[in-house]
Amino acid sequence: MKLRIAKSIMLVVALALPVWAEVAVVANPSVGASEISADELKRVFLGAKSSLSDGSAVEPVLMQSGAAHESFLKEYVGKTDAALRNHFKSLVFTGKGSMPKSFASDADVVAYVAKTKGAIGYVGNAAAAAGVKRLAVK
Amino acid sequence: MRLERGIWVQAALAAWLVWPAAAQFEVAGKKVQVHGFFSQGYALSDTNNYMTMNTSQGSLALTDGGVNISTKLTNKLRVGMQAYTRNMGQFTNGKPEIDWAYADYRITDWLGVRGGKVKTVIGLYNDTQDMEFLHTWAILPQSLYALDLRALNIAHVGGDLYGDVPLRKLGTVSYTVYGGRQPDDKRGGYYYGLADSKLAIDRFQVWAKGADVRWMPAQGGLTVGASWNDQRQEGSARDLRFGRPVPFEFFSRKNNTYRGYAEYQGRGLKFAAEYQRLWAVQKYSLPFIPEGSFDSRSWYVSGAYRIHRVLEAGSYHARYVTDWRKDHRPPGAHVYDTAVTVRVDVKPYWNVKVEGHFLDGYASLQSTRGFYARNNPQGLVPRTNLLVLRTGVNF
């Protein structure tokens with residue numbers, strides 16, 4: 001009986017866990033920090049911040065679609081995909097920012113982040129992350 | 001001839017737009033981005049002609065486009081420029097212009113500096129008003145984003161100080177402080193409207209300074225802000241109402257704009273509202289023309305809902321009162337506009353909009369908002385129903 005209750009609690013907890021738990025933030029090894037605050041992360045991905053508190057220059061890298069993309073935007077950026085692209089277009093067409101690179105797959109994001117100084121992106125938690133470092137989100 | 005050249009420029013822009021492979025490349029190890037947009041509209045009205053277009057017969061003279069190039073020279077230094085052209089009725093006629101061109105040095109998150117020709121930040125959309133693809137509407141609320149008076153505050157040649165100040169759990173405050181000379185547009189509504197009053201402008205200079213501050217909470221899609229713009233206008237003109245032209249000088253003693261605004265985006269919903277007061281006092285060198293002043297008020301409220309990934313519907317109500325101190329009721333004292341819009345995003349880079357406008361009033365000749373005596377020789381009537389179809393692409 002106790003075991004059943006424990007299993008039920010675990011199931012409820014598992015279902016209640018936000019999807020963003022499946023997203024990992026990855027960065028080029030040139031980025032000095034090993035962790036980043038949620039606020040910093042949001043501002044990096046809104047183009048409002050180009051360096052972290054430790055002085056590392058950063059460049060956001062987006063995914064084009066998928067569960068990790070949707071989860072990341074919902075949890076950390078607070079905008080839908082369309083709203084985020086509109087946000088960057090408003091920067092691009094007023095000269096206040098660049099359109100971030102975007103990729104279709106985890107592997108493509110990891111490959112670009114690994115070779116690009118200052119690049120910071122996100123992938124599914126289960127994705128292989130060779131050549132990049134994972135950043136903990138505070 | 002000028003119009004033909006403009007159309008060729010626009011056709012070249014459209015051709016450029018279907019070449020997305022050019023969007024990013026490298027020069028000397030620097031990433032260079034090229035982006036562009038193009039839109040074409042059609043307007044049909046049942047009574048008055050609008051925005052100098054022959055809308056009562058149906059008009060396609062609603063075209064614009066732009067292309068920009070930019071790069072980051074260092075992590076803190078960005079340079080770029082954008083060319084823009086439009087053909088709207090009798091305005092601009094396809095003449096390309098430098099929309100913005102500047103260097104931007106971001107010293108730190110809370111302090112950056114821009115110098116060159118810079119888009120002026122006033123309210124929610126002043127600096128993005130030409131990019132129809134960023135907005136639900138085919139035509140933004142004309143009480144605040146008047147297509148015919150675009151040149152009066154779209155950009156300044158000068159500089160900005162700007163930054164974002166994080167407030168931890170309270171979100172972020174962004175600010176912009178600017179100053180400079182505003183570009184002149186001899187093919188814009190200001191010149192055109194005064195010509196209807198038999199005034200020919202020979203020289204017109206506008207210097208402006210101002211500030212914008214906006215707060216965005218850490219959570220949710222709310223933006224709340226306020227803008228201030230202070231212009232000093234001066235120029236020379238000829239009064240053509242008499243047998244021979246009478247030259248005179250004019251200058252503004254005061255030309256202050258105050259605006260408050262709020263926007264919410266979330267759960268597929270978009271709400272926005274802005275309120276503006278423009279308080280101006282103008283002096284003239286001719287003794288028989290008294291000092292003139294006006295206190296115009298403009299506002300709108302809007303709401304839109306994204307029904308589907310590709311479909312959005314919305315509506316706004318906008319009001320412009322030429323002089324708040326006077327009776328608002330005559331059609332020459334106001335323009336009220338209720339608009340209903342459906343936007344279809346055929347592709348992420350291509351949209352089509354269908355928009356109905358129900359306009360009440362036509363404002364005065366000296367305070368134009370789309371209606372001009374010259375384009376309505378039969379006389380202006382109080383109400384205008386207007387259909388606008390607009391499609392645009394961007395990359």
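Naming convention: chains lettered A, B, ... in sequence-line order (proteins, then strands); numbering from 1 in each chain.
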Minimum heavy-atom separation for B/D109 to A/A48, with atom names? OD1-O, 4.0 Å

Is the number of heavy atoms from other residues, nucleotides or ligands under 6.0 Å of A/K133 NZ greater than 12? yes

Toward chain B, the part of A/D39 with a non-hydrogen atom under 4.5 Å: side chain

Using non-hydrogen atoms and a 4.5 Å limit, figure out which bit of B/R106 sits close to chain A: side chain, backbone, both or neither. side chain

A/R43 versus chain B, heavy atoms under 4.5 Å apart: side chain, backbone, both or neither? side chain

Among the options A/S37, A/S90, A/A38, A/G78, pick out the one with the most heavy-atom pairs lying under 4.5 Å from chain B. A/S90

Tell me, with the steps shown, if A/T116 and B/K31 meet side-chain contact (heavy atoms from CB on, under 4.5 Å). CA-CA 12 Å; A/T116 307; B/K31 292 172 189 163; 3.8 Å; yes

In residues 160-169 of chain B, which residues are in contact with chain A at a heavy-atom separation under 4.5 Å? B/D164, B/P166

Could you pull out the closest heavy-atom pair between A/K101 and B/Q24, with the gap in Å? CD-NE2, 3.6 Å

Point-to-point distance, once rounded to the nearest 0.5 Å, from CZ of B/F133 to CZ of A/R85: 14.0 Å

OH of B/Y349: more than 12 outside heavy atoms within 6.0 angstrom? no

Looking at B/M81, B/R309, B/K72, B/Q82, which makes the most heavy-atom pairs under 4.5 Å with chain A? B/Q82

Taking all non-hydrogen atoms of both residues, which atom of A/T94 and which atom of B/T128 are closest, and how far apart? CG2-CG2, 3.8 Å

Look up atom CZ in A/F93 and atom CG in B/N68, then write down how far apart they are to the nearest 0.5 Å. 5.5 Å

Proximal component of A/T80, with respect to chain B [non-hydrogen, under 4.5 Å]: neither

Side-chain (B/Q33) to main-chain (A/M99) donor-acceptor, under 3.5 angstrom: yes

Let me know if B/K76 has heavy atoms under 4.5 Å from chain A in its side chain, its backbone, both or neither. neither

Derivation and outcome, side-chain contact (heavy atoms from CB on, under 4.5 Å), residues A/K96 and B/D127: CA-CA 11 Å; A/K96 295 170 184 167; B/D127 54 344; 2.9 Å; yes

Strictly less than 4.5 Å between heavy atoms, which residues of residues 214-222 of chain B line up against chain A? Please order them by number. B/P217, B/A218

Whatever's closer than 4.5 Å to a heavy atom in chain A on B/T172 counts as side chain

Taking every non-hydrogen atom, the tightest pair across B/Q265 and A/A83: OE1-CB, 4.3 Å

